[in-house]
Structure formats: C-alpha cells, structure tokens
Enquirer: 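First, the structure itself, so that you have it in front of you.
Remember, it's a predicted structure, so these values are computed and weren't measured experimentally.
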Amino acid sequence: MIPFLNLKRENDRYADEIKEAVNRVIDSGWYILGEEKERFEKEFAAYCGAKYCIGVGNGLDAIRLILMSYMEQGAMQEGDEVVLPVNTFIATALAVSQCGLTPIFADCDLDSFNIDPASVREKISDKTKAIIAVHLYGQVAPIEELKEIAEEYGLKLIEDAAQAHGAVYNGRRTGNLADAAAFSFYPVKNLGGLGDAGAVVTNDESLHSIVKALSNYGSNEKYIHTYKGLNSRLDEMQAAILSVKLKYLEEDNKRRKAIAAYYSANIYHEDILLSSISLPDSHVFHLYVIRTKNRAGLESYLKNNGVQTQIHYPSAIHKQKAYLECADQLYPIAEKLQDEVLSIPLYPSLTDSEVSEICNLINNWKNI
Ligand SMILES: *Cc1c(COP(=O)(O)O)cnc(C)c1O
C-alpha cells in the first residue's frame with residue numbers, strides 16, 4: 001500500500017539528528033523561551049529573507065497574533081472586515097473570527113486554485129482592513145495583483161504561508177512577500193515539527209515586537225504586561241527539531257518539485273485535469289491536486305489498488321456549519337472544485353517506483 005503520507009519514513013531520514021537535538025534539550029533543563037527558539041527564529045527569518053521571525057504555538061495562532069497586533073496598533077478594530085479565499089483550510093477564517101473581525105470570502109481561480117483578485121475587488125467595502133493571501137497547496141497566491149489592491153485601498157496584506165515554506169516569487173521567498181506572514185510547522189507541512197508549532201515572519205519592527213509580547217501573555221519583560229496576550233510560544237524541543245529539518249527544506253522541496261514535474265508530464269487521462277503552474281519555483285507542492293468529475297470513482301479505484309488519496313477540501317468554508325451565516329453566499333468556482341479535487345501522494349521520501357506506479361494506475365483508470 002502507498003499511504004497518502006508516511007510521516008515515519010519522512011522523519012526517519014533525519015532521525016539521528018532529531019534525537020540528538022531532543023537529547024540536547026532534555027539535558028539543558030530549559031524547555032520554554034530559550035536558546036533553541038532564538039536560534040531557529042534567526043535561521044528561519046534568514047531563510048525567508050526577512051528581518052524578524054517569532055516562533056509561536058501553531059499556524060492558527062500565527063495568523064491570530066498578526067491580526068491582534070494590527071488591532072493593538074489601531075490599524076483595525078472589532079467589526080472590521082478581512083478578505084480571504086473561501087477554499088482554504090478553515091484556520092485562516094477562524095483566526096479572523098476569533099479576533100472579532102469579520103471574514104469576507106472571495107472565490108478562487110479554477111486553474112491555480114488560488115484566490116481570484118477580481119473576486120477580492122468585488123468584496124472590498126468601507127470596513128475592509130486586510131487581505132489574507134493563502135499560498136494554497138504550496139503555490140504563491142497572485143501576490144502582485146493583491147498588493148495593487150491593498151495599496152489602492154490602504155489595506156494590510158498578510159500571507160498565510162502554512163503550505164508554502166520556501167516558495168519563491170520574483171526572487172523572494174514566502175514570508176517576505178507582504179506585510180507579515182504566518183507559517184505552520186504542523187507535522188505534515190513542508191517544514192514540519194514533531195508536534196504543533198508555528199511562526200510569524202515580518203520586516204515590520206513594531207509588528208514583531210507586539211507579536212512577540214502577545215505570544216507571551218502580552219509581556220516582553222517579566223511581570224510587565226502591556227497587552228492582553230496569549231500563551232502561544234514555540235517550545236525548545238520543537239525549535240531544536242525544526243532547526244534540524246530546516247537544513248533539508250530546500251532539498252525536500254526540490255524532490256517535491258521533481259515528483260510534481262513527473263506527474264505533470266506523465267499523467268494522461270481524458271477525464272482528469274491537472275492544475276496549471278505559472279512559475280516553477282513559485283510552487284513547492286505541499287499537495288498535488290488533480291480534478292475529475294467522477295472523483296468518488298477515481299478515489300475508490302486508487303484505494304482498491306493500494307494508493308491512498310485525500311480531499312483538500314471536501315467543503316468550502318461557507319458550507320461549514322461553523323459559518324452557517326455565510327451558507328447562502330455563492331462561490332461557483334470553489335463549489336465546483338470541492339466536488340472535483342483529489343490529492344494524490346506527494347512527499348520527499350516517495351520513491352521513483354512508487355511515483356511511476358501511481359502514474360500508471362491513474363492512466364489505466366477505466367472511468368465507467
Ligand atoms: C495548516 C494550516 C493552518 C493552520 O496551522 P496549524 O499549525 O495547524 O494551526 C492555517 N492555514 C493553512 C492554509 C493551513 O494549511
């Protein structure tokens with residue numbers, strides 16, 4: 001059987017170094033807010049080409065902390081609106097809602113799956129204060145167009161880079177493409193820890209200092225509390241593990257791109273559509289997503305032949321019970337995609353023979 005993702009095999013490649021890092025933390029006797037977090041923050045900021053990185057508890061909190069910081073700065077307040085794609089992982093919307101801001105959904109592009117700037121324009125109102133650009137499945141969102149809109153209306157542009165560590169656009173990596181960026185290091189991500197972890201990356205010094213305080217009970221100095229903050233800190237163990245894995249991120253992303261290129265060149269089926277990739281380096285293939293009208297058929301055929309797949313995502317956010325108030329809104333592209341998308345296995349430790357087996361199986365699918 002070829003599992004959708006084999007995390008044990010992924011991490012086994014670096015097991016010795018990971019164990020060494022974990023032992024170093026155990027032996028240090030220091031587990032929260034220490035050298036390992038500081039080291040990883042420096043390394044990851046440098047990797048992104050940005051000035052600051054703040055390690056936080058997870059990706060959801062990274063987005064929340066950016067928005068909370070802008071609220072502390074007075075750039076937005078409760079009841080203001082934030083535009084984001086309707087076909088993202090729900091965390092993007094939850095972060096907005098949890099700050100007392102209103103998520104306003106935009107539809108997406110049928111070929112790239114990313115947010116459609118034309119739809120964003122339609123959603124701008126007097127209350128709009130920010131746009132969240134999700135680099136969905138690992139591909140950089142249409143950042144130039146979004147930047148133009150943000151500048152025209154004086155909005156903050158925030159990257160949700162949870163699926164796109166290391167993707168490059170015009171010579172710049174994610175984390176350095178907008179006002180601030182949120183990353184997740186959830187184990188399945190391109191850069192994944194062995195537990196929950198996340199980060200905020202920015203070139204904005206004031207934002208950096210507020211996020212840092214907010215992530216630690218609103219305090220940058222012990223028992224001096226400037227803000228009503230959270231407890232959301234990258235712990236020493238995850239930081240040490242992430243420092244090990246960061247060294248291999250470029251290599252891993254290269255392997256992801258090679259597998260994706262193989263799929264794109266070798267999957268031929270009249271009932272299957274592949275997605276378009278405009279610039280090769282702007283996609284780090286967190287996921288490889290194909291489309292077919294008979295998704296249930298393809299899914300069970302692959303399963304019966306030993307290949308696990310997943311669906312990202314089976315339901316656009318306005319169709320989730322949590323966003324019942326948006327249920328009547330119409331997002332024709334996202335609604336079409338939710339019924340057609342299927343993610344096939346793609347991870348660095350997938351072997352060439354597994355990749356070609358998956359291709360052959362797909363090409364031999366009898367869609368009846
Ligand atoms: C994973 C993910 C998040 C949330 O990250 P967590 O670390 O799981 O909280 C947010 N946005 C997107 C697009 C994601 O894929």
Enquirer: What distance separates I368 CD1 from D271 CG, expressed to the nearest 0.5 Å?
Expert: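 Separation between the atoms: 11.5 Å.
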Enquirer: How about L337 and V289: do any of their side-chain heavy atoms sit closer than 4.5 Å?
Expert: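 No, side chains not in contact.
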Enquirer: Could you walk me through whether E43 and K247 pass side-chain contact (heavy atoms from CB on, under 4.5 Å), step by step?
Expert: CA-CA 9 Å; E43 290 168 352; K247 291 191 293 178; over 6 Å; no
Enquirer: If you look at every heavy atom in H135 and V140, which pair is closest and at what distance?
Expert: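 For H135 and V140, the tightest heavy-atom pair comes out as ND1-CA, 3.4 Å.
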Enquirer: With rounding to the nearest 0.5 Å, note down the distance linking CG in L330 to CD1 in I333.
Expert: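 Atom-to-atom, L330:CG and I333:CD1 are 12.0 Å apart.
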Enquirer: Hey, does the side chain of E72 reach the backbone of M68 with a donor-acceptor pair shorter than 3.5 angstrom?
Expert: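 No: the side chain of E72 does not pair with the backbone of M68.
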Enquirer: Any donor-acceptor pair under 3.5 Å linking the side chain of D107 with the backbone of A334?
Expert: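 Yes, because the side chain of D107 sits within donor-acceptor range (under 3.5 Å) of the backbone of A334.
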Enquirer: Starting from the C-alpha separation in whole Å, work towards a yes-or-no answer on side-chain hydrogen bond (donor to acceptor under 3.5 Å, both in side chains) for Y227 and S69.
Expert: CA-CA 10 Å; Y227 313 103; S69 298; over 6 Å; no
Enquirer: At what distance, to the nearest 0.5 angstrom, does CD of E357 lie from CD1 of I2?
Expert: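 So the CD of E357 and the CD1 of I2 are separated by 4.0 Å.
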Enquirer: Honestly curious: do V134 and I104 fall in one hydrophobic cluster under the side-chain, below-4.5 Å linking rule?
Expert: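 No: no chain of side-chain contacts under 4.5 Å links V134 to I104.
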Enquirer: Using a strict threshold of under 4.0 Å (side-chain N to carboxylate O), is an ion pair present between R172 and E159?
Expert: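 Between R172 and E159 there is no salt bridge, as every charged N stays at least 4.0 Å from the carboxylate O atoms.
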Enquirer: Do S349 and E10 have side-chain atoms, one donor and one acceptor, less than 3.5 Å apart?
Expert: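 E10 and S349 do have a side-chain donor-acceptor pair below 3.5 Å.
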Enquirer: side-chain contact (heavy atoms from CB on, under 4.5 Å) for T128 and V83? Distances and angles first, verdict last.
Expert: CA-CA 7 Å; T128 311; V83 180; 3.8 Å; yes
Enquirer: Decide if atom CG of D328 counts as having more than 12 heavy atoms of other residues, nucleotides or ligands within a radius under 6.0 Å.
Expert: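 Open: at most 12 neighbouring heavy atoms sit under 6.0 Å from CG of D328.
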Enquirer: Answer whether the closest heavy-atom distance between the side chains of Y347 and P3 falls below 4.5 Å.
Expert: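 The answer is yes; the side chains approach within 4.5 Å.
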Enquirer: Test: ring-ring contact (aromatic ring centres under 6.0 Å, His included). Region: residues 110-133. Which pairs qualify, not counting sequence neighbours?
Expert: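 Every pair satisfying ring-ring contact (aromatic ring centres under 6.0 Å, His included) with a residue in residues 110-133: F113-Y137.
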Enquirer: State, to 0.1 Å, how close E81 and S125 come at their nearest heavy-atom pair, and which atoms those are.
Expert: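 Heavy-atom minimum between the residues: OE1-OG, 2.8 Å.
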Enquirer: Within the structure provided, determine whether V200 and K212 are in side-chain contact (heavy-atom separation under 4.5 Å).
Expert: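 Answer no - side chains too far apart.
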Enquirer: I'd like to check T309 versus Y301 (side-chain heavy atoms, cut-off strictly below 4.5 Å). Are they in contact?
Expert: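 The answer is no; the side chains never approach within 4.5 Å.
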Enquirer: Indicate, with yes or no, if I132 and I54 share a hydrophobic cluster defined by side-chain heavy-atom contacts under 4.5 Å among Ile, Leu, Val, Met, Phe, Trp and Tyr.
Expert: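 Same cluster.
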Enquirer: Under 3.5 Å, is there a donor on one side chain and an acceptor on the other for D252 and Y14?
Expert: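 Y14 and D252 do have a side-chain donor-acceptor pair below 3.5 Å.
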Enquirer: Below 30° counts as parallel, above 60° as perpendicular, anything between as tilted: where do the rings of F285 and Y288 land?
Expert: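 The rings of F285 and Y288 lie parallel, inter-plane angle below 30°.
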Enquirer: Kindly indicate whether the side chain of I344, heavy atoms from C-beta on, has any atom under 4.5 Å from the side chain of V307.
Expert: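 They are not in side-chain contact.
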Enquirer: How about CD on E152, more than 12 heavy atoms from neighbouring residues, nucleotides or ligands closer than 6.0 Å, or not?
Expert: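 Check passes, neighbour count above 12.
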Enquirer: Within the supplied structure, the quantity of interest is the number of heavy atoms (other residues, nucleotides, ligands) at a distance under 6.0 Å from K303 NZ; does it exceed 12?
Expert: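 No, because the 6.0 Å sphere around NZ of K303 holds 12 heavy atoms or fewer from other groups.
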Enquirer: Determine whether the side chains of Y262 and S356 contain a donor N or O and an acceptor N or O closer than 3.5 Å.
Expert: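 Side-chain D/A pair, Y262 to S356: absent.
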Enquirer: Closest heavy-atom contact between V284 and R256?
Expert: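 Closest approach of V284 to R256, heavy atoms only: O-CD, 3.2 Å.
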Enquirer: Donor-acceptor pair, H286 side chain versus K189 backbone, under 3.5 Å?
Expert: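 Looks like no, no N/O pair under 3.5 Å.
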Enquirer: Run Y52 and S209 through side-chain hydrogen bond (donor to acceptor under 3.5 Å, both in side chains) and show every step you take.
Expert: CA-CA 9 Å; Y52 307 103; S209 140; over 6 Å; no
Enquirer: Determine the minimum heavy-atom distance between G175 and A50, stating which atoms define it.
Expert: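 Smallest interatomic distance, heavy atoms only, reads O-CB, 3.9 Å.
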Enquirer: What verdict does the side-chain hydrogen bond (donor to acceptor under 3.5 Å, both in side chains) test give for Q139 and S112, after you've listed the backbone C-alpha separation in whole Å, the side-chain angles of each residue and the deciding distance to 0.1 Å?
Expert: CA-CA 8 Å; Q139 176 160 231; S112 71; 4.9 Å; no
Enquirer: Could you check whether any side-chain heavy atom of V96 comes within less than 4.5 Å of a side-chain heavy atom of L67, counting everything from C-beta outward?
Expert: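 V96 vs L67: side chains touch.
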Enquirer: For the residue pair H165 and Y47, is the inter-centroid distance of their aromatic rings smaller than 6.0 Å?
Expert: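 No, too far apart.
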Enquirer: Within the 3.5 Å criterion, strictly below it, is a donor on Q320 or Y313 matched to an acceptor on the partner's side chain?
Expert: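 No, no side-chain donor-acceptor contact under 3.5 Å.
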Enquirer: How many angstroms lie between atom CZ of R13 and atom NZ of K245, to the nearest 0.5 angstrom?
Expert: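 So the gap between those two atoms works out to 7.0 Å.
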Enquirer: Check this for me: does any side-chain nitrogen of one of K37 and E236 sit under 4.0 Å from a carboxylate oxygen of the other?
Expert: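 Looking at E236 together with K37, the answer is no, because their closest N to O distance does not fall below 4.0 Å.
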Enquirer: Got L242 and L234 here, is their nearest side-chain heavy-atom distance under 4.5 Å?
Expert: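 The answer is yes, as the side chains (C-beta and beyond) meet within the 4.5 Å cut-off.
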Enquirer: Does the distance from a Lys or Arg side-chain N to an Asp or Glu carboxylate O, for R291 and E340, drop under 4.0 Å?
Expert: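 So R291 pairs with E340 through a salt bridge.
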Enquirer: According to a hydrophobic-cluster definition based on side-chain heavy atoms being under 4.5 Å apart (Ile, Leu, Val, Met, Phe, Trp, Tyr only), do L136 and Y169 belong together?
Expert: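 They do not share one cluster, since no chain of ILVMFWY contacts under 4.5 Å joins L136 to Y169.
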Enquirer: From L110 CG over to C108 SG, what is the distance, rounded to the nearest 0.5 angstrom?
Expert: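 Spacing of CG (L110) from SG (C108) equals 7.5 Å.
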Enquirer: Pick one: which of D196, N216, D61 meets side-chain hydrogen bond (donor to acceptor under 3.5 Å, both in side chains) with S232?
Expert: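 Single side-chain hydrogen bond (donor to acceptor under 3.5 Å, both in side chains) partner of S232 among D196, N216, D61: D61.
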Enquirer: Give a yes or no on this: more than 12 heavy atoms of other residues, nucleotides or ligands lie within 6.0 Å of atom CD of E325.
Expert: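 Check passes, neighbour count above 12.
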Enquirer: Quick check for you: to the nearest 0.5 Å, what is the distance between I317 atom CD1 and T92 atom OG1?
Expert: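 With rounding to 0.5 Å, CD1 (I317) is 6.0 Å from OG1 (T92).
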Enquirer: Let me know which of I210, N203, V211 forms a side chain to side chain contact (heavy atoms under 4.5 Å, CB included) with L207.
Expert: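 Looking at I210, N203, V211, the match for L207 under the side chain to side chain contact (heavy atoms under 4.5 Å, CB included) is V211.
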Enquirer: Is L191 reachable from L5 through a run of hydrophobic residues whose side-chain heavy atoms are each under 4.5 Å from the next?
Expert: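 No; tracing contacts between hydrophobic side chains, which count when under 4.5 Å, never links both residues.
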Enquirer: Test side-chain contact (heavy atoms from CB on, under 4.5 Å) on F105 and L84 and set out the steps.
Expert: CA-CA 5 Å; F105 298 117; L84 65 135; 3.9 Å; yes
Enquirer: May I ask you to check whether over 12 heavy atoms, not counting those of D126, lie within 6.0 Å of atom CG?
Expert: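 12 or below, so no.
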Enquirer: Which one of K156, K127, K129 satisfies the salt bridge (charged side-chain N to carboxylate O under 4.0 Å, His left out) criterion with D80?
Expert: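 Result: among K156, K127, K129, K129 is the only option passing the salt bridge (charged side-chain N to carboxylate O under 4.0 Å, His left out) with D80.
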Enquirer: Return the minimal non-hydrogen interatomic distance between V244 and Y248, and the atom names on each side.
Expert: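 Answer, listing the atom of V244 first, then Y248: O-CD1, 3.3 Å.
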Enquirer: Do the non-hydrogen side-chain atoms of T292 and W365 ever get within less than 4.5 Å of each other?
Expert: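 Side chain of T292 against side chain of W365, heavy atoms only: contact under 4.5 Å found.
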Enquirer: Just by distance, do the side chain of S282 and the backbone of L279 share a donor-acceptor pair under 3.5 Å?
Expert: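 Here the side-chain-to-backbone pair exists.
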Enquirer: Linking I/L/V/M/F/W/Y whenever their side-chain heavy atoms sit closer than 4.5 Å, directly or via other members, would Y186 and F183 fall into one cluster?
Expert: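 Unlinked, Y186 and F183 end up in two clusters.
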Enquirer: Just wondering, more than 12 heavy atoms not from N231 lying within 6.0 Å of its CG?
Expert: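 It does: N231 CG has more than 12 such atoms within range.
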Enquirer: Ignoring hydrogens and geometry beyond distance, is a side-chain donor-acceptor pair present between E36 and S243 at under 3.5 Å?
Expert: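 Side-chain D/A pair, E36 to S243: absent.
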Enquirer: What are the two closest non-hydrogen atoms of G166 and T174, and how far apart are they?
Expert: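 Minimum heavy-atom contact is N-OG1, 3.6 Å.
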Enquirer: Inspect the contact between R121 and E145 and indicate whether a charged nitrogen and a carboxylate oxygen are less than 4.0 angstrom apart.
Expert: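 R121 and E145: not salt-bridged.
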Enquirer: Does the gap between the ring centers of F44 and F185 come in under 6.0 Å?
Expert: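 Centroid distance F44-F185: below 6.0 Å, so yes.
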